[in-house]
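Working notes, beginning with the structure itself.
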Amino acid sequence: MPENFIGPVDLMEPEEKVEGILRSARDRIPGIAAAIRERRESLPEGSNSLPFRIGGSFFRLLTTSVYPTHKKLHATERCNGCGICSRICPTRNITVSDSTVTWGSDCTWCYACIHWCPQEAVEIGRRTIGKRRYHHPDVTVKDMIRQTGE
Ligand code: SF4
Ligand code: SF4
(Lines give C-alpha, C1' and ligand atoms only; values in the text may rest on other atoms or scores of the structure.)
(Ligands and ions follow the chains in the order given, each with its own letter.)
Protein backbone atom coordinates (compact mmCIF):
# COMPACT_ATOMS: atom_id res chain seq x y z
CA MET A 1 0.00 0.00 0.00
CA PRO A 2 1.14 3.59 -0.48
CA GLU A 3 2.65 5.06 2.69
CA ASN A 4 0.33 7.45 4.58
CA PHE A 5 2.73 8.30 7.42
CA ILE A 6 2.49 12.08 7.40
CA GLY A 7 4.00 12.99 10.76
CA PRO A 8 6.04 13.61 12.84
CA VAL A 9 8.33 12.84 9.89
CA ASP A 10 6.86 12.85 6.42
CA LEU A 11 7.18 9.43 4.73
CA MET A 12 4.27 9.94 2.34
CA GLU A 13 4.61 8.30 -1.06
CA PRO A 14 5.06 10.76 -3.96
CA GLU A 15 1.70 11.17 -5.72
CA GLU A 16 3.04 9.92 -9.06
CA LYS A 17 3.98 6.56 -7.51
CA VAL A 18 0.58 5.84 -5.94
CA GLU A 19 -1.25 4.37 -8.94
CA GLY A 20 1.61 1.97 -9.72
CA ILE A 21 1.72 0.73 -6.13
CA LEU A 22 -2.05 0.17 -6.06
CA ARG A 23 -1.91 -1.66 -9.41
CA SER A 24 0.75 -4.08 -8.24
CA ALA A 25 -1.09 -4.70 -4.94
CA ARG A 26 -4.41 -5.71 -6.52
CA ASP A 27 -3.38 -9.31 -7.26
CA ARG A 28 -2.40 -9.89 -3.63
CA ILE A 29 -5.50 -8.45 -1.99
CA PRO A 30 -7.76 -11.57 -2.27
CA GLY A 31 -5.18 -13.72 -0.44
CA ILE A 32 -4.71 -11.12 2.29
CA ALA A 33 -8.49 -10.65 2.66
CA ALA A 34 -8.92 -14.42 3.01
CA ALA A 35 -6.27 -14.55 5.75
CA ILE A 36 -8.10 -11.78 7.63
CA ARG A 37 -11.52 -13.42 7.20
CA GLU A 38 -10.16 -16.73 8.46
CA ARG A 39 -8.29 -14.98 11.29
CA ARG A 40 -5.11 -16.67 10.16
CA GLU A 41 -1.94 -15.43 11.79
CA SER A 42 0.34 -14.14 9.11
CA LEU A 43 3.24 -11.80 9.69
CA PRO A 44 3.92 -9.17 7.03
CA GLU A 45 6.95 -9.81 4.86
CA GLY A 46 10.12 -8.67 6.58
CA SER A 47 8.46 -8.26 9.97
CA ASN A 48 10.84 -10.70 11.61
CA SER A 49 13.88 -8.92 10.34
CA LEU A 50 16.10 -6.98 12.71
CA PRO A 51 15.77 -3.67 10.83
CA PHE A 52 11.97 -4.00 11.01
CA ARG A 53 12.01 -4.59 14.76
CA ILE A 54 14.47 -1.76 15.40
CA GLY A 55 12.39 0.49 13.15
CA GLY A 56 9.21 -0.45 15.05
CA SER A 57 10.77 0.32 18.43
CA PHE A 58 12.10 3.62 17.14
CA PHE A 59 8.66 4.48 15.74
CA ARG A 60 6.95 3.77 19.06
CA LEU A 61 9.50 5.86 20.94
CA LEU A 62 9.14 8.68 18.45
CA THR A 63 5.33 8.80 18.51
CA THR A 64 4.87 8.31 22.25
CA SER A 65 7.78 9.99 24.02
CA VAL A 66 9.91 12.09 21.74
CA TYR A 67 7.00 13.58 19.80
CA PRO A 68 3.70 12.43 21.38
CA THR A 69 1.45 12.52 18.34
CA HIS A 70 -1.82 12.14 20.27
CA LYS A 71 -1.09 15.34 22.20
CA LYS A 72 -0.31 17.24 19.02
CA LEU A 73 -3.42 16.29 17.06
CA HIS A 74 -5.81 19.23 16.78
CA ALA A 75 -8.43 20.75 14.50
CA THR A 76 -7.88 24.16 12.94
CA GLU A 77 -10.43 26.89 12.24
CA ARG A 78 -11.29 25.09 8.99
CA CYS A 79 -13.20 22.48 11.05
CA ASN A 80 -16.96 22.65 10.51
CA GLY A 81 -17.88 20.12 13.19
CA CYS A 82 -19.05 17.46 10.71
CA GLY A 83 -18.01 14.64 13.07
CA ILE A 84 -16.48 12.39 10.41
CA CYS A 85 -13.15 12.12 12.26
CA SER A 86 -14.96 10.88 15.36
CA ARG A 87 -16.99 8.32 13.41
CA ILE A 88 -14.07 6.80 11.48
CA CYS A 89 -11.51 6.60 14.29
CA PRO A 90 -10.96 2.87 14.91
CA THR A 91 -10.32 3.38 18.63
CA ARG A 92 -13.13 5.93 19.22
CA ASN A 93 -10.48 8.33 20.40
CA ILE A 94 -12.06 11.54 19.09
CA THR A 95 -14.95 13.54 20.54
CA VAL A 96 -16.75 16.28 18.64
CA SER A 97 -19.04 18.48 20.65
CA ASP A 98 -20.23 22.02 19.96
CA SER A 99 -17.78 22.10 17.03
CA THR A 100 -14.87 21.42 19.39
CA VAL A 101 -12.77 18.37 18.54
CA THR A 102 -10.74 16.65 21.24
CA TRP A 103 -8.39 13.68 21.05
CA GLY A 104 -7.75 11.19 23.83
CA SER A 105 -4.62 9.12 24.37
CA ASP A 106 -5.90 5.90 22.77
CA CYS A 107 -4.33 6.57 19.37
CA THR A 108 -2.82 3.94 17.09
CA TRP A 109 -1.35 6.54 14.70
CA CYS A 110 -3.37 5.27 11.79
CA TYR A 111 -3.82 8.88 10.63
CA ALA A 112 -7.33 8.27 9.35
CA CYS A 113 -8.56 11.45 11.04
CA ILE A 114 -5.91 13.50 9.25
CA HIS A 115 -6.35 12.00 5.81
CA TRP A 116 -10.16 11.78 5.83
CA CYS A 117 -11.13 15.15 7.25
CA PRO A 118 -13.02 16.75 4.33
CA GLN A 119 -11.83 20.20 5.40
CA GLU A 120 -8.18 19.14 5.83
CA ALA A 121 -8.57 20.68 9.28
CA VAL A 122 -6.67 18.04 11.27
CA GLU A 123 -3.00 18.72 11.90
CA ILE A 124 -0.23 17.23 14.03
CA GLY A 125 1.33 20.30 15.61
CA ARG A 126 2.65 22.39 12.75
CA ARG A 127 4.40 19.54 10.96
CA THR A 128 1.55 18.57 8.66
CA ILE A 129 0.51 22.05 7.55
CA GLY A 130 0.30 22.31 3.77
CA LYS A 131 1.11 18.63 3.22
CA ARG A 132 -0.89 16.51 0.82
CA ARG A 133 -3.53 14.17 2.29
CA TYR A 134 -4.07 10.67 0.93
CA HIS A 135 -6.58 7.86 1.18
CA HIS A 136 -7.27 4.89 -1.06
CA PRO A 137 -9.35 5.99 -4.06
CA ASP A 138 -11.73 3.00 -3.81
CA VAL A 139 -12.50 3.41 -0.10
CA THR A 140 -15.43 5.61 0.96
CA VAL A 141 -16.30 7.39 4.19
CA LYS A 142 -19.11 4.83 4.61
CA ASP A 143 -16.54 2.02 4.44
CA MET A 144 -14.47 3.76 7.08
CA ILE A 145 -17.45 4.21 9.38
CA ARG A 146 -18.52 0.58 8.87
CA GLN A 147 -15.11 -0.72 10.02
CA THR A 148 -15.70 0.85 13.44
CA GLY A 149 -18.80 -1.33 13.87
CA GLU A 150 -21.18 1.65 13.79
S1 SF4 B 1 -13.62 15.61 10.19
FE2 SF4 B 1 -12.56 17.58 10.13
S3 SF4 B 1 -14.18 19.09 9.80
FE4 SF4 B 1 -15.18 17.21 10.52
S5 SF4 B 1 -15.29 17.45 12.79
FE6 SF4 B 1 -13.38 16.34 12.33
S7 SF4 B 1 -11.83 17.93 12.21
FE8 SF4 B 1 -13.80 18.95 12.02
S1 SF4 C 1 -4.71 8.78 14.17
FE2 SF4 C 1 -6.22 7.10 13.94
S3 SF4 C 1 -6.37 6.21 16.00
FE4 SF4 C 1 -5.39 8.21 16.24
S5 SF4 C 1 -7.07 9.60 16.69
FE6 SF4 C 1 -6.74 9.69 14.46
S7 SF4 C 1 -8.16 8.18 13.61
FE8 SF4 C 1 -7.98 7.76 15.80
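Quantities reported herein were computed from a predicted structural model and do not represent experimental measurements. Indexing begins at 1, ligand by ligand and atom by atom, following the structure's order.
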With sequence neighbours excluded, residues passing side-chain contact (heavy atoms from CB on, under 4.5 Å) with Lys71: Pro68

Glu19/Arg26 salt bridge by N-O under 4.0 Å criterion: yes

[atom1]/[X] to [atom2]/[Y] distance, rounded to the nearest 0.5 angstrom?
| X | Y | atom1 | atom2 | answer |
| --- | --- | --- | --- | --- |
| Cys117 | Ile88 | SG | CD1 | 8.5 Å |
| Ile32 | Arg37 | CD1 | CZ | 12.0 Å |
| His70 | Ile124 | NE2 | CD1 | 12.0 Å |

Check: His135 ring centre within less than 6.0 Å of Trp116 ring centre: yes

2.8 Å shell around atom 4 (Fe) of ligand 1, exclusive bound, protein N/O/S atoms: 1

Side chain to side chain donor-acceptor pair (under 3.5 Å) contacts in which one or both residues fall within residues 73-96, not counting sequence neighbours: Arg78-Glu123, Arg87-Glu150, Arg92-Thr148

For atom 5 (S) of ligand 2, closest protein heavy-atom neighbour: Trp103 CD1, 3.3 Å

Shortest protein heavy-atom distance from atom 7 (S) of ligand 1, along with the residue and atom involved: Val122 CG2, 3.6 Å

Crowding at CD, Glu15 (>12 non-hydrogen neighbours, <6.0 Å): no

Non-hydrogen atoms of Lys17 and Glu13 that approach each other most closely: CB-CG, 4.2 Å

Smallest separation among heavy atoms of Gln147 and Pro90, with atom names: OE1-CB, 4.0 Å

Neighbouring protein N, O or S atoms of atom 2 (Fe) of ligand 2 [cut-off: under 2.8 Å, no waters]: Cys110 SG

